[in-house]
Amino acid sequence: MKKVLALVLSVMMVLSLSVVAFAAEVAATNTPGQVEGTGDPDNNLDKGVIIGTGDKDSNADADPDKPGATYYYTIFRETPNNAAGDVTVSGTNYEMLDDDEYAKHLTVSIRESGDKMIDSYAIVKKNGVYKIEVKTKTTYTTKKTSANWTITLKRDKKYKVSEADVEIAQQWAEIVTGVSNDHEAIIFDSIDLDEAIGAKKGASFDDYTDDANIQALAVLPKTSKFAELYFDTDEIFWYTVKNSSKLTVNVYYHRDNKKMAQTYEDADLEMIFFDGTPEFDYTGTFHVTVDQDMFVYLIEGGKLVEGKFTWNKEAECWETNVRKIEGAVASDVKLDVSKYNATVNTDSTDNKDNPGTGSVDFVNVAVALGVVSLAAAGAVALKK
């Protein structure tokens with residue numbers, strides 16, 4: 001009988017540990033929706049708080065935002081005695097929140113449905129007023145992604161003071177400038193992303209994101225049998241490829257690499273890197289128009305690879321055949337590729353999901369298995 005009692009007490013103890021583990025995990029991650037509240041009825045200060053969400057009611061035809069955009073939603077409070085404020089909603093005036101004492105009691109949570117876009121979020125003070133900052137993950141897919149966010153503000157992690165729903169749509173914009181099509185070949189002339197960005201808009205009640213979109217999608221129509229893409233205004237790097245069907249590729253690129261420049265600080269480098277690693281229907285030719293006495297390297301798997309480019313005497317440029325382009329580097333001196341490649345992280349386990357580690361579900365599943373094991377042991381003891 002004592003053995004049975006001991007087993008029952010062990011089961012109860014494990015169950016209590018399960019509750020403690022769950023509560024600790026919720027507190028640590030600030031999981032949305034765990035604490036219910038509709039506002040503090042004894043505190044009028046919480047009344048009249050709204051979240052400025054800009055064009056949350058914009059029509060479905062609105063241009064999508066740039067993937068990886070950072071969003072700012074301004075927090076507003078009702079003005080005393082309906083005095084003049086920064087915005088007016090349904091006849092009520094509101095002013096942007098700049099009260100540090102009140103703001104320090106606020107917490108934010110976001111429930112996301114649809115495509116998983118959010119990287120992080122927080123309440124920040126920007127330009128003297130408090131805003132909800134939401135950073136999204138940068139993706140290079142050519143498809144449109146969308147999500148719905150329910151943003152909730154609480155005071156002292158308990159009382160809900162405001163809530164707003166926003167619909168987010170992101171997609172890289174199509175390149176519409178510098179393109180010519182003679183029905184045989186489509187030519188993208190000087191794809192200059194800096195020029196395509198244009199003037200950035202600040203975060204305000206109307207313009208809720210501070211990241212302008214970039215025209216990075218090159219569309220190769222089915223009617224074009226051949227495509228030529230020239231990158232940047234100096235056109236050192238360009239790519240030619242046969243085309244058989246309509247194809248859209250993300251040619252977003254950058255011409256700088258701090259790590260590369262620091263590794264080879266004595267070299268004169270020309271570089272290009274394609275974060276979207278565009279892949280085409282056919283294997284095409286990647287051209288680098290520099291002098292024959294230069295040293296040209298291909299980027300593969302994030303690393304510098306030598307011996308891939310050959311000199312084309314007729315075209316007076318370096319060439320290599322690839323279907324997917326990551327980038328290339330040209331140098332006035334020979335580079336020891338091992339120096340840069342040693343800095344490239346090739347561990348495939350990095351930044352991967354670690355199933356269950358630190359997860360509430362994992363902790364509770366383990367506890368549940370322990371409970372089942374103890375219960376089975378108890379049953380055996382009772383049978384005996």
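Using cut-offs of 30° and 60° for the angle between ring planes, the F273 and H254 rings count as parallel. In this structure, Y253 and F231 have perpendicular ring planes: the angle between them is above 60°, well past the 30° mark.
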- Task: Before giving the answer on side chain to side chain contact (heavy atoms under 4.5 Å, CB included), spell out for L269 and V329 the whole-Å C-alpha distance, their side-chain angles and the decisive distance to 0.1 Å.
- Result: CA-CA 7 Å; L269 304 174; V329 176; 4.2 Å; yes
- Please report the C-alpha distance between K157 and T107 in whole Å, then the side-chain angles of each, then the deciding distance to 0.1 Å, and finally whether the side-chain hydrogen bond (donor to acceptor under 3.5 Å, both in side chains) criterion is met. CA-CA 6 Å; K157 299 182 180 179; T107 55; over 6 Å; no
- Message: One pair to check against side-chain hydrogen bond (donor to acceptor under 3.5 Å, both in side chains): D99 and Y130. What are the steps and the verdict?
- Response: CA-CA 8 Å; D99 186 342; Y130 284 93; over 6 Å; no
- Query: Can you list the steps and then say if W318 with T310 is a side-chain hydrogen bond (donor to acceptor under 3.5 Å, both in side chains)?
  - Reply: CA-CA 5 Å; W318 291 91; T310 57; over 6 Å; no
- Query: Hey, mind stepping through N243 and S224 against side-chain hydrogen bond (donor to acceptor under 3.5 Å, both in side chains) and telling me if it holds?
  - Reply: CA-CA 7 Å; N243 184 52; S224 297; 5.6 Å; no
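When every heavy atom of A216 is checked against every heavy atom of W172, the shortest pair comes out as CB-CE3, 3.8 Å. Here the closest heavy-atom approach between residue Y252 and residue N250 is recorded as N-OD1, 2.9 Å. Closest approach of L298 to V322, counting heavy atoms only: CD2-CG1, 4.0 Å. Contact record, T240 with F226: CB-CZ, 3.6 Å, taken as the closest heavy-atom pair. When all heavy atoms are compared, the tightest approach of L97 to R77 is CD1-CD, 3.3 Å. For the pair F188 and I175, the tightest heavy-atom approach, listed with the atom from each and the gap, is CD2-CG2, 4.2 Å.
At a threshold of 4.5 Å between non-hydrogen side-chain atoms, the residues I110 and V134 count as touching. Using a 4.5 Å heavy-atom threshold, the side chains of E112 and W149 count as touching. Between V251 and I191 the shortest side-chain heavy-atom distance falls below 4.5 Å.
Using a cutoff of 4.0 Å between basic side-chain nitrogens and carboxylate oxygens, D98 and K125 are not scored as salt-bridged. A salt bridge does not link K313 with E316: none of the charged nitrogens is closer than 4.0 Å to a carboxylate oxygen. Residues D232 and R255 are paired through a salt bridge, judged by an N-O separation under 4.0 Å between the basic side chain and the carboxylate. Taking the charged nitrogens against the carboxylate oxygens, E101 and K104 do have a contact shorter than 4.0 Å, which makes a salt bridge.
There is no side-chain donor-acceptor pair under 3.5 Å between Y282 and N321. Between the side chains of D65 and Q170, no donor-acceptor pair is found at a separation under 3.5 Å. For S146 and E167, the side-chain atoms include no donor-acceptor pair closer than 3.5 Å. One side chain, Y72 or E133, offers a donor N or O that lies under 3.5 Å from an acceptor on the other. For the 3.5 Å distance criterion, the side chains of E163 and T152 qualify, holding a donor opposite an acceptor. There is a side-chain donor-acceptor pair under 3.5 Å between T150 and D165.
The hydrophobic clustering, which links ILVMFWY residues whose side-chain heavy atoms are closer than 4.5 Å, places Y102 and V108 together. Note: the hydrophobic cluster containing V219 does not contain V241 (ILVMFWY, side chain heavy atoms under 4.5 Å, direct or indirect links). Under the 4.5 Å side-chain heavy-atom criterion for ILVMFWY residues, no single connected hydrophobic cluster contains both V337 and V305. I272 and I214 end up in the same hydrophobic cluster when Ile, Leu, Val, Met, Phe, Trp and Tyr side chains are linked at under 4.5 Å.
Under the 6.0 Å distance and 45° angle rule, K308 does not count as a cation-pi partner of Y297.
For the pair E326 (side chain) and G302 (backbone), a donor-acceptor distance under 3.5 Å is present. Panel note: side chain N341, backbone L304; a donor-acceptor pair is recorded below 3.5 Å. Listed for the D291 side chain is no donor-acceptor partner under 3.5 Å among the backbone atoms of M294. A donor-acceptor pair under 3.5 Å is formed between the side chain of Y239 and the backbone N or O of G284. For N148 (side chain) and R111 (main-chain N/O), no donor-acceptor pair under 3.5 Å exists by modelled atom type. The backbone N or O of S338 lies less than 3.5 Å from a partner atom in the side chain of D336, making a donor-acceptor pair.
To the nearest 0.5 Å, atom CG of residue L217 and atom OG1 of residue T142 are 6.5 Å apart.
By the neighbour-count criterion of 12 heavy atoms within 6.0 Å, atom NZ of K116 is densely surrounded, having more than that number from other residues, nucleotides or ligands.
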